[in-house]
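First comes the structure, then the notes that go with it.
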Amino acid sequence: MSRVKRGVTSHAKHKKVYKAAKGFYGRRKNTIRAAKAAVEKAGQYAFRDRKRKKRTFRALWIQRINAAVRPFGMTYSRFIDGLSKSGIMVDRKVLSDLAIREPAAFQAIAETAKAALAA
């Protein structure tokens, strides 16, 4: 039985790993054993951080909303409570964006929430 030479296959597999390891520092970019481990770890970080990104942004939006409602004499939690009582359904991403780009519109929403809390 004739033997199979695997040079082409191995080279193609290695090439794929090296491409993924492009920009890594030291041996991690050009030694297959180190590069393979580094690429695998990078993939784990990428998977984890795609989930974490959503949490991070939600926290940022909440901080921005909290800072924006303080001048109206409310805290974030009271503001959200007022929104739910007044029946306004706007997500935190949009509220944060309104607070930055459309202060007048955000002020109207904040006043509505405040009135709903008083009632």
Side-chain angles (χ1 to χ4, degrees):
M1 192 171 182
S2 59
R3 97 186 162 94
V4 178
K5 296 171 77 177
R6 295 183 53 217
V8 176
T9 319
S10 299
H11 187 254
K13 283 171 105 174
H14 289 186
K15 197 171 166 185
K16 195 162 75 170
V17 172
Y18 290 139
K19 188 177 182 211
K22 190 173 183 187
F24 288 8
Y25 184 79
R27 280 180 36 199
R28 293 160 62 88
K29 72 174 174 286
N30 56 18
T31 306
I32 193 61
R33 279 177 73 170
K36 236 179 181 174
V39 166
E40 191 175 328
K41 191 67 173 176
Q44 290 170 353
Y45 285 137
F47 180 83
R48 179 197 70 191
D49 291 338
R50 277 195 300 275
K51 311 290 176 226
R52 191 171 282 182
K53 184 176 171 183
K54 294 159 185 63
R55 288 178 232 161
T56 308
F57 268 102
R58 186 180 167 98
L60 174 68
W61 299 329
I62 288 171
Q63 288 170 351
R64 285 177 176 172
I65 294 167
N66 193 16
V69 296
R70 292 291 173 146
F72 304 112
M74 284 187 288
T75 62
Y76 167 78
S77 61
R78 298 291 293 153
F79 174 68
I80 293 297
D81 185 33
L83 282 183
S84 64
K85 284 180 180 168
S86 64
I88 298 174
M89 300 295 289
V90 183
D91 66 357
R92 286 153 183 81
K93 180 180 179 180
V94 173
L95 283 171
S96 167
D97 198 49
L98 281 174
I100 294 167
R101 289 186 170 74
E102 303 285 339
F106 186 80
Q107 182 175 358
I109 292 171
E111 296 301 335
T112 309
K114 200 170 187 177
L117 282 173

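Computation of the quantities below employed the complete heavy-atom set of this structure, encompassing side-chain atoms and omitting hydrogens, waters and symmetry-equivalent molecules.
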Kindly work out whether a path of hydrophobic side-chain contacts (I/L/V/M/F/W/Y, heavy atoms less than 4.5 Å apart) joins [X] to [Y].
X: W61; Y: L98; answer: no
X: I32; Y: V39; answer: yes
X: L60; Y: Y76; answer: no

| task | Determine which pairs satisfy salt bridge (charged side-chain N to carboxylate O under 4.0 Å, His left out) with at least one residue from residues 69-95, sequence neighbours left out, and list them in order. | result | R78-D81, D81-K85
| message | Please list all pairs meeting salt bridge (charged side-chain N to carboxylate O under 4.0 Å, His left out) that have one or both residues in residues 17-36, counting only residues at least two apart or in different chains. | response | none
| request: Name all pairs fulfilling the ring pair (Phe, Tyr, Trp, His ring centres under 6.0 Å) condition that reach into residues 3-23, sequence neighbours left out, sorted by first residue then second. | output: none
With a 4.5 Å limit on heavy-atom distance, are the side chains of [X] and [Y] in contact?
X: I100; Y: F106; result: no
X: L83; Y: V90; result: no
X: F79; Y: N66; result: no

Can you tell me how far the [atom1] atom of [X] sits from the [atom2] atom of [Y], to the nearest 0.5 Å?
X: F72; Y: E111; atom1: CZ; atom2: CD; value: 6.0 Å
X: R64; Y: L95; atom1: CZ; atom2: CG; value: 12.5 Å
X: T56; Y: K54; atom1: OG1; atom2: NZ; value: 10.0 Å
X: I80; Y: I65; atom1: CD1; atom2: CD1; value: 5.5 Å
X: S10; Y: K15; atom1: OG; atom2: NZ; value: 14.0 Å

| For R48, does the CZ atom sit with more than 12 other heavy atoms under 6.0 Å from it, leaving out its own atoms? | yes
| query | How about E102: does its CD atom have over 12 heavy atoms from other parts shown lying under 6.0 Å from it? | reply | no
| task | Compare every heavy atom of G82 with every heavy atom of A116, then report the nearest pair and how far apart it is. | result | CB-O, 3.6 Å
| said: Under 6.0 Å from the ring centre and within 45 degrees of the ring axis: does the NZ or CZ of K51 meet both conditions for the six-membered ring of F47? | reply: yes
